[in-house]
A.B. asks: 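Pasting in a structure now, in structure tokens, and then I'll have a few things to ask.
Throughout, protein chains are lettered first and strands after them, A, B, ... in sequence-line order, and every chain is numbered starting at 1.
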2 protein chains.
Amino acid sequence: MTRIDDVARLAGVSTATVSRALRGLPTVSEATRQRVRLAAEQLGYTASPSASRLAGGKAGTVAVLVPRISSWFSGAVVDAAEELLRPAGYDLLLRTVGGRSRAQERLPGTADLPKRVDAVLLVATPALVSAAPVFAAPAFGGRPLPGVTVAAGAPVPGWPSVGVDDVAAARTATEHLLQLGHRRIVCLSGDATDDLTRPADLDRRWGYREAMLAAGTPAEGILEFAARAGVEGGRQATAKLLARGTPPTGIVATCDELAMGAIVALCRAGLRVPADVSVIGVDGHQFARAIGLSTVAQPAAELGRLAAGTLLDRLSGARHDDTEPGRVILPTRLILRETTAPPRAH
Amino acid sequence: MTRIDDVARLAGVSTATVSRALRGLPTVSEATRQRVRLAAEQLGYTASPSASRLAGGKAGTVAVLVPRISSWFSGAVVDAAEELLRPAGYDLLLRTVGGRSRAQERLPGTADLPKRVDAVLLVATPALVSAAPVFAAPAFGGRPLPGVTVAAGAPVPGWPSVGVDDVAAARTATEHLLQLGHRRIVCLSGDATDDLTRPADLDRRWGYREAMLAAGTPAEGILEFAARAGVEGGRQATAKLLARGTPPTGIVATCDELAMGAIVALCRAGLRVPADVSVIGVDGHQFARAIGLSTVAQPAAELGRLAAGTLLDRLSGARHDDTEPGRVILPTRLILRETTAPPRAH
DNA sequence: TTGTAGGCGTTATCAT
DNA sequence: ATGATAACGCCTACAA
């Protein structure tokens, strides 16, 4: 592998000049810079990251922590974040930090983060993760690792957070059914013990309750039903629900995947959507549009971009104030499609 | 941040011993190892990756190159791969290498890979990417970067590849419809100019053709229809197809998302699936099961695990032979559900 | 504007 | 089994 001296020799300058020229530092004459660039190109030279990081003191890397990357939300956020981070010169270190269960093991393999990355992007991780000691105060006076949380279960002290108001989102969804005239509405939500269930689910359940209660629903009218995560989980839970007796006239699912599963179950049970029962989700999943699912959409990609931008600001030292970092809440949008309608008059 | 000398001092040994002890090298007495471990723990010491990499010569990182991470396939593969790579001590460097269009720009920001990672995992990337010079021969005698391709559009010379036989998969799907008695079958495939269309789509189209031709279909019976990627793309394309005149009795989609879109379009057009038209996909998407979509499933997670395992073998130097690396083809499974049936007798 | 030299924190080599 | 002591390849004062 070619090293910096090779380039220096070829260009007829010192290694220091090569370093400066290639990194675009101002104290280099245009002429030399050109010569150095040419030499570097000819040799196919690239600075060794380990060496520059060691010498320069910055990792040039952002850790992306997700429960798992194979979920539409993580994927959308990370894709969007990468679009800003890469051009800014940062690499993405991907790490799954496990769901609720694994999180308890003190976030295994996270202690090395401060030395390995410049900042952290925490996506859709459960509350326990936020309490990880690494995020709080690295041993002995090192300043805390900068970071941002996106739709996390709990804020990390000192980190800004971006997300949506999940309580309000679910409330909006529920209110929509209420306004259509529905009264017997069940909330289908992710089983909290399921690692795949996102932390947002909990808030969304609260949103459902609030809306129902505000509408004067008696306590026994709060109909909550837990499902394993994913479309299949939603289908199974709904099937079970239908087997129990009179179906509800409306279903609010805490995420679109569950909603889609519910629709499948309803169709198979011979019930028509929305003629017999209305279904609305929360998420704005890619599939929702094609399926015609009514939903309260959250701007996943926008959240990713915003988080990345915030991180970059912080890293470039633009904002280094000690004021408690902000909590940005992006708006959700109620999107009415073909799965919600007034209940059948009986 | 605590450094190795701090630990050495506290443990009363030299830095060399600390290094050896912590890395589990054999030439350390159990007693000292314990003392060192304790000291390290007390100080919360973690070796600086930049320094170890610089000194040790290995990056401890695997680059994961995907067109985009927000696709069910990439996500599934990467999640599975991470499960092997992390415990083995490797970090994942995530990078999107752009689709067809961006790939032409000589894979911007890939030239640094040899110095940054120990190996590469190339997932579902188009053919052009495989030709990237970095993968072939780093300048001046450095040995080529090890790597594996997963479901890539073209093999990288010298790298093993894992994947499925996409031609056969689509052929199987098509033959299924053929055997049910369908004759007027259209193939719905991803628009090749769409960055989001996976390279496998092309092969799958061939599979359709082969099956049709083998069944004695005249050339004008080969009905191919391109769609933008995703469920919505499949829906739109199918809607357009239906608007053109007599619908086919069967649709083979080159991926499940397109198949789901097709189903939506058919339903909206008042056609019943499978009574009026049968639909079968290829992929084994998470949603397929819940939706009841018949499909030819590929083992995405298994591919990821296999790729990671292969990489680890190669990295541990277990196999360093110069024989041309293997091409592992995992079997696909025809899964019959509720979207395929014999055509209506007319 | 450019060159010189010391240091970044580990690991590897060679003694002991 | 353990301790000095060079590398490792680059960056950053400081000097010129």
Side-chain angles (χ1 to χ4, degrees), chain A residues 1-37 39-40 43-61 89 111-112 114-118 138-140 142, chain B residues 1-37 39-40 43-61 89 91 112 114-118 138-140 142:
Chain A
M1 302 251 187
T2 67
R3 301 170 316 170
I4 199 170
D5 344 1
D6 300 322
V7 181
R9 206 170 311 123
L10 182 60
V13 296
S14 74
T15 62
T17 302
V18 173
S19 174
R20 292 189 280 243
L22 258 26
R23 280 179 307 149
L25 295 196
T27 63
V28 177
S29 78
E30 252 333 289
T32 354
R33 195 189 299 281
Q34 289 308 334
R35 240 181 326 130
V36 173
R37 282 224 181 98
L43 298 172
Y45 169 77
T46 310
S48 150
S50 325
S52 13
R53 286 164 190 184
L54 179 55
K58 26 194 97 282
T61 304
D112 58 340
K115 283 189 178 172
R116 199 174 295 262
V117 303
D118 297 318
F140 296 21
Chain B
M1 302 251 188
T2 67
R3 301 171 316 168
I4 199 169
D5 344 2
D6 300 321
V7 181
R9 206 172 309 122
L10 182 61
V13 295
S14 75
T15 61
T17 302
V18 173
S19 175
R20 290 189 282 244
L22 258 26
R23 281 181 304 151
L25 295 195
T27 63
V28 178
S29 78
E30 250 337 286
T32 12
R33 194 189 301 280
Q34 289 308 334
R35 240 181 326 131
V36 173
R37 281 224 181 98
L43 297 172
Y45 169 77
T46 310
S48 152
S50 323
S52 345
R53 287 165 190 183
L54 179 56
K58 29 194 94 280
T61 305
D91 268 328
D112 58 339
K115 283 190 177 173
R116 199 174 294 261
V117 303
D118 297 318
F140 297 21

A.B. asks: Are A:Lys58 and C:dC8 close enough that a side-chain N or O sits under 4.0 Å from OP1 or OP2?
C.D. replies: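 No, outside the criterion.
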
A.B. asks: Assess whether one donor atom and one acceptor atom, taken from the side chain of B:Arg53 and the base of D:dG9, lie less than 3.5 Å apart.
C.D. replies: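 Such a pair does not exist between side chain and base.
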
A.B. asks: Just how far, in rounded Å, is C1' of D:dC10 from CG of A:Asp6?
C.D. replies: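 After rounding, the reported distance stands at 13 Å.
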
A.B. asks: Between A:Leu25 (CG) and D:dC10 (P), how many Å, whole number?
C.D. replies: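 Interatomic distance, CG of A:Leu25 to P of D:dC10: 15 Å.
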
A.B. asks: On the nucleotide D:dA1, are OP1 or OP2 found under 4.0 Å from the side-chain N or O atoms that B:Thr27 carries?
C.D. replies: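 No, B:Thr27 has no side-chain N/O under 4.0 Å of OP1/OP2 on D:dA1.
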
A.B. asks: Should B:Ser14 be listed as having a side-chain N or O under 4.0 Å from OP1 or OP2 of D:dG3?
C.D. replies: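 Looking at the OP1 and OP2 atoms of D:dG3, one of them is under 4.0 Å from a side-chain N or O of B:Ser14.
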
A.B. asks: Between B:Asp6 and B:Arg9, does any NZ, NE, NH1 or NH2 come within less than 4.0 Å of an OD or OE carboxylate oxygen?
C.D. replies: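 Looking at B:Asp6 together with B:Arg9, the answer is yes, because their closest N to O distance falls below 4.0 Å.
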
A.B. asks: Can you tell me how far OG1 of B:Thr15 sits from CZ of B:Arg20, rounded to the nearest 0.5 angstrom?
C.D. replies: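 It comes to 8.5 Å.
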
A.B. asks: When you get a sec, tell me which of C:dT2, D:dT2, D:dC10 is the closest nucleotide to the side chain of B:Val28?
C.D. replies: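 Side chain of B:Val28 sits closest to D:dT2.
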
A.B. asks: Give the rounded distance in Å between these two atoms: CE of B:Met1 and C1' of C:dC8.
C.D. replies: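 Result: 14 Å.
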
A.B. asks: How many angstroms lie between atom CD1 of A:Ile4 and atom OG of A:Ser19, to the nearest 0.5 angstrom?
C.D. replies: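 OG of A:Ser19 is found 5.0 Å from CD1 of A:Ile4.
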
A.B. asks: Are any of A:Thr17's side-chain N or O atoms less than 4.0 Å away from OP1 or OP2 of C:dG3?
C.D. replies: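 Result: yes.
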
A.B. asks: On the nucleotide D:dT2, are OP1 or OP2 found under 4.0 Å from the side-chain N or O atoms that B:Thr32 carries?
C.D. replies: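 Checking B:Thr32 against D:dT2: at least one side-chain N or O falls below 4.0 Å of OP1 or OP2.
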
A.B. asks: Of the nucleotides D:dT12, C:dG3, C:dT10, which has the atom closest to the A:Ser19 side chain?
C.D. replies: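 Of the candidates, D:dT12 comes closest.
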
A.B. asks: I want to confirm an ordering. Mapping A:Thr15 and B:Arg20 to their closest nucleotides on DNA chain D, which one lands closer to the 5' end?
C.D. replies: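 Checking each residue's closest nucleotide, the 5'-ward one belongs to B:Arg20.
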
A.B. asks: Separation of A:Glu30 atom CD from C:dT2 atom P, in whole Å?
C.D. replies: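 After rounding, the gap between these two atoms is 10 Å.
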
A.B. asks: Quick one: is A:Tyr45 getting a side-chain N or O under 4.0 Å of the D:dC10 phosphate, OP1 or OP2?
C.D. replies: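 Yes, because at least one side-chain N or O of A:Tyr45 sits under 4.0 Å from OP1 or OP2 of D:dC10.
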
A.B. asks: Distance from B:Arg53 atom CZ to B:Asp118 atom CG, nearest 0.5 Å?
C.D. replies: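 Spacing of CZ (B:Arg53) from CG (B:Asp118) equals 8.0 Å.
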
A.B. asks: Roughly how many Å is it from CZ in A:Arg9 to P in D:dG9, rounded to a whole number?
C.D. replies: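 Rounding to the nearest Å, CZ of A:Arg9 and P of D:dG9 are 13 Å apart.
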
A.B. asks: Applying a 4.0 Å non-hydrogen cut-off, can you work out what B:Ala16 is touching in the nucleic acid: base, sugar-phosphate, or nothing?
C.D. replies: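 Base, at least one base heavy atom under 4.0 Å.
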
A.B. asks: Kindly say if A:Arg23 contacts the phosphate of D:dT12, meaning a side-chain N or O under 4.0 Å from OP1 or OP2.
C.D. replies: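 Answer yes for this pair, as a side-chain N or O of A:Arg23 is under 4.0 Å from OP1 or OP2.
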
A.B. asks: If every non-hydrogen atom of B:Ala8 is compared with every non-hydrogen atom of B:Val18, which pair is closest and at what distance?
C.D. replies: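 In terms of heavy atoms, the two residues are closest at CA-CG2, 3.5 Å.
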
A.B. asks: Quick one: A:Asp112 CG to C:dG9 C1', roughly how many Å, whole number?
C.D. replies: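 Value for this atom pair: 16 Å.
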
A.B. asks: What integer distance in Å separates B:Ile4:CD1 from D:dA4:C1'?
C.D. replies: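 The distance from CD1 of B:Ile4 to C1' of D:dA4 comes to 14 Å, rounded to the nearest Å.
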
A.B. asks: In terms of the nearest nucleotide of DNA chain D, which residue is placed more toward the 5' end: B:Arg35 or B:Leu54?
C.D. replies: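 Nearest nucleotide further toward 5': that of B:Arg35.
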
A.B. asks: Taking CZ from A:Arg3 and P from D:dC8, how many angstroms apart are they, rounded to a whole number?
C.D. replies: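 Nearest whole value for this atom pair: 7 Å.
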
A.B. asks: Give the nucleotide from the list D:dA7, D:dC10, D:dC11 with an atom nearest to the side chain of B:Ala55.
C.D. replies: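 The nucleotide sitting nearest to the side chain is D:dA7.
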
A.B. asks: Which heavy atom of A:Val13 sits nearest to which heavy atom of A:Arg35, and what is that distance?
C.D. replies: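 Heavy atoms of A:Val13 and A:Arg35 come nearest at CG1-NH1, 4.1 Å.
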
A.B. asks: Does the side chain of A:Ser29 get closer than 4.0 angstrom to OP1 or OP2 of C:dT2 through an N or O atom?
C.D. replies: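 Checking A:Ser29 against C:dT2: at least one side-chain N or O falls below 4.0 Å of OP1 or OP2.
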
